[in-house]
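Residue numbers count from 1 along this sequence.
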Amino acid sequence: MEGIALLKLLIESTGLPTEAVEREINRLVALHGIKSTEITLYDVRDILTAYLQDTLSETKAALNSEAAG
């Protein structure tokens, strides 16, 4: 499966709002300097790792903010 098709499948499979996840994934693709037509499986892994790290960091910051205030 081609990288971009795999990304689309993963985005749809999350059960999360597709547009929001797709926007974030596209941001990460651009941030990594990858053309969407040239995404490899390794790129998908890197992008998903970055997405998960960002999501966990944001969640942790929100929880810390709630606990402090």
Side-chain angles (χ1 to χ4, degrees):
M1 180 176 281
E2 189 177 311
I4 194 71
L6 179 57
L7 274 178
K8 288 189 179 288
L9 177 64
L10 290 169
I11 290 168
E12 292 169 3
S13 298
T14 64
L16 299 171
T18 304
E19 286 184 19
V21 175
E22 189 170 5
R23 228 181 357 261
E24 184 64 16
I25 295 296
N26 287 334
R27 182 187 71 79
L28 291 168
V29 168
L31 186 66
H32 281 82
I34 304 166
K35 294 181 182 178
S36 60
T37 57
E38 299 175 0
I39 293 175
T40 67
L41 180 58
Y42 296 105
D43 295 328
V44 170
R45 289 177 182 158
D46 289 342
I47 291 164
L48 290 177
T49 298
Y51 178 70
L52 289 172
Q53 287 175 336
D54 288 353
T55 302
L56 290 173
S57 293
E58 290 172 8
T59 302
K60 183 178 178 182
L63 289 173
N64 287 338
S65 178
E66 286 178 14

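The one candidate from D43, I39, V21 that meets the side chain to side chain contact (heavy atoms under 4.5 Å, CB included) condition with L7 is I39. In summary, of the residues considered (L6, T49, I34), a side chain to side chain contact (heavy atoms under 4.5 Å, CB included) with V44 occurs for L6 alone.
For the atom pair R27 CZ and H32 NE2, the distance stands at 9.5 Å (nearest 0.5 Å). Here the CD-CG distance, from E58 to D54, works out to 6.0 Å after rounding to the nearest 0.5 Å. Here CG of L31 is found 11.5 Å from CG of D46. Values are rounded to the nearest 0.5 Å.
Taking E22 as the reference, K8, I11, T18, N26 meet the side-chain contact (heavy atoms from CB on, under 4.5 Å) condition, with sequence neighbours excluded.
In this structure a side-chain-to-backbone donor-acceptor pair under 3.5 Å is present from T59 to T55.
Side-chain heavy atoms closer than 4.5 Å link hydrophobic residues (I, L, V, M, F, W, Y) into clusters, and following such links, even through other members, never connects Y42 to V29. Hydrophobic clustering of Ile, Leu, Val, Met, Phe, Trp and Tyr side chains at less than 4.5 Å, counting indirect connections, keeps L10 apart from L52.
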